[in-house]
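Since the structure comes first, as structure tokens, the remarks are kept for the end.
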Amino acid sequence: MKTFLKILLTALAVIVLANILPGISVAGYSSAIIVAVVIALLNMFIRPLLIFFTLPATIVTLGLFLFVINACIILLADKLIDGFAVSGFFAALLFSILLSFFRSVLFSLLKEDKGVVKN
């Protein structure tokens, strides 16, 4: 249930960012949900491989190259999904940074308090 809610919150963030950023467009709500699922799958399977193969560049840049990897994931999602369009690399970079920020804020709302006793 929590995974489904995270997908829906990510889709909401995608829709909000597509309305705010000039280089990003999403065809509709169903496309936003598909974008959220595809980004989750790419982050699960492709991102670790990209991090492994670009580890020297990530170390030299003190981790800033991870932003480039995130932008590449967004551009790959753009190529895989018809209802999602990104105009270029810098739009993908800004989108990935803001999406990470929005996801962290929204996902923090889902965390349960472990110290509270529920009756």
Side-chain angles (χ1 to χ4, degrees):
M1 181 68 181
K2 203 174 234 188
T3 304
F4 182 70
L5 196 55
K6 285 183 178 184
I7 294 293
L8 288 179
L9 288 175
T10 302
L12 176 70
V14 167
I15 290 172
V16 168
L17 288 174
N19 289 328
I20 293 173
L21 297 176
I24 309 294
S25 65
V26 177
Y29 296 113
S30 60
S31 294
I33 292 172
I34 293 170
V35 167
V37 170
V38 168
I39 287 175
L41 290 173
L42 289 174
N43 280 336
M44 192 182 321
F45 295 113
I46 303 298
R47 189 171 190 261
L49 293 172
L50 289 175
I51 290 173
F52 177 74
F53 288 125
T54 61
L55 193 59
T58 304
I59 291 171
V60 168
T61 62
L62 301 175
L64 292 177
F65 194 74
L66 292 174
F67 289 125
V68 174
I69 291 173
N70 288 340
C72 291
I73 293 291
I74 298 299
L75 289 172
L76 186 58
D78 170 34
K79 300 298 180 200
L80 293 174
I81 303 166
D82 290 332
F84 179 60
V86 179
S87 65
F89 177 76
F90 290 108
L93 183 66
L94 184 60
F95 179 77
S96 69
I97 291 170
L98 291 175
L99 183 65
S100 297
F101 175 74
F102 281 134
R103 286 180 64 183
S104 66
V105 169
L106 291 172
F107 291 174
S108 69
L109 299 174
L110 293 178
K111 292 191 181 206
E112 296 178 10
D113 294 329
K114 303 235 185 246
V116 177
V117 177
K118 295 181 181 178
N119 292 328

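This structure is a prediction, so every number in the text was calculated from the model and none was measured.
- Separating the OG1 atom in Thr61 from the CG atom in Leu66 is a distance of 7.0 Å, to the nearest 0.5 Å.
- Ser96 approaches Ala71 most closely through the heavy-atom pair OG-N, 3.9 Å.
- Shortest non-hydrogen contact noted between Phe102 and Ala13 is CB-CB, 4.0 Å.
- Residue Ile97 is grouped with residue Phe84 when hydrophobic side chains (ILVMFWY) are merged at heavy-atom distances under 4.5 angstrom, including chains of intermediate members.
- Atom CE of Met44 sits about 13.0 Å away from atom CD1 of Ile39, to the nearest 0.5 Å.
- Smallest separation of non-hydrogen atoms from Val26 and Ala18: CG2-CB, 3.7 Å.
- Looking at Ile81, Val14, Leu80 one by one, the single match for side chain to side chain contact (heavy atoms under 4.5 Å, CB included) with Ile34 turns out to be Ile81.
- Legend: residues meeting side chain to side chain donor-acceptor pair (under 3.5 Å) with Asn70, ordered by chain and number and at least two apart, are Arg47.
- Among Leu75, Ile74, Leu94, the single residue meeting the side chain to side chain contact (heavy atoms under 4.5 Å, CB included) criterion with Phe89 is Leu75.
- Under the 4.5 Å side-chain criterion, counting only non-hydrogen atoms from C-beta, Thr58 is not in contact with Phe53.
- The two residues Ala85 and Asp78 make their nearest non-hydrogen contact at CA-OD1, 3.3 Å.
- Residue Tyr29 qualifies as open at atom OH: its count of foreign heavy atoms under 6.0 Å is 12 or below.
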**Message:** Before you tell me yes or no, could you show the steps for Leu9 and Arg103 under side-chain contact (heavy atoms from CB on, under 4.5 Å), namely the whole-Å CA-CA distance, both residues' side-chain angles and the distance that decides it to 0.1 Å?
**Reply:** CA-CA 7 Å; Leu9 288 175; Arg103 286 180 64 183; over 6 Å; no
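- You'll find the side chain of Ile24 stays beyond 4.5 Å of the side chain of Leu17, heavy atoms only.
- Hydrophobic clustering (ILVMFWY, side-chain heavy atoms < 4.5 Å, transitive): Ile59 and Ile69 are in distinct clusters.
- When all heavy atoms of Leu21 and Phe95 are compared, the pair lying nearest together is CD1-CA, 3.8 Å.
- Distance CG/Asn43 to CD1/Ile73: 5.5 Å, rounded to 0.5 Å.
- Rounded to the nearest 0.5 angstrom, Leu106 CG and Leu8 CG are separated by 11.5 Å.
- One hydrophobic cluster, built from ILVMFWY side chains closer than 4.5 Å, cannot hold both Leu76 and Phe52; they sit in different ones.
- Taking 4.5 Å as the limit, some side-chain heavy atom of Phe107 sits within range of a side-chain heavy atom of Thr10.
- With rounding to the nearest 0.5 angstrom, the CG atom of Leu49 is 10.5 Å from the OG1 atom of Thr54.
- Nearest heavy atom pair, residue Phe67 against residue Leu93, reads O-CD1, 3.4 Å.
- Val68 is not connected to Val60 by any chain of hydrophobic side-chain contacts under 4.5 Å among Ile, Leu, Val, Met, Phe, Trp and Tyr, and they are in different clusters.
- Annotation for Asp82: atom CG does not count as buried by contact number, only 12 or fewer foreign heavy atoms lying within 6.0 Å.
- Counting non-hydrogen atoms of neighbouring residues, nucleotides and ligands closer than 6.0 angstrom, the CZ atom of Phe101 reaches no more than 12 such neighbours.
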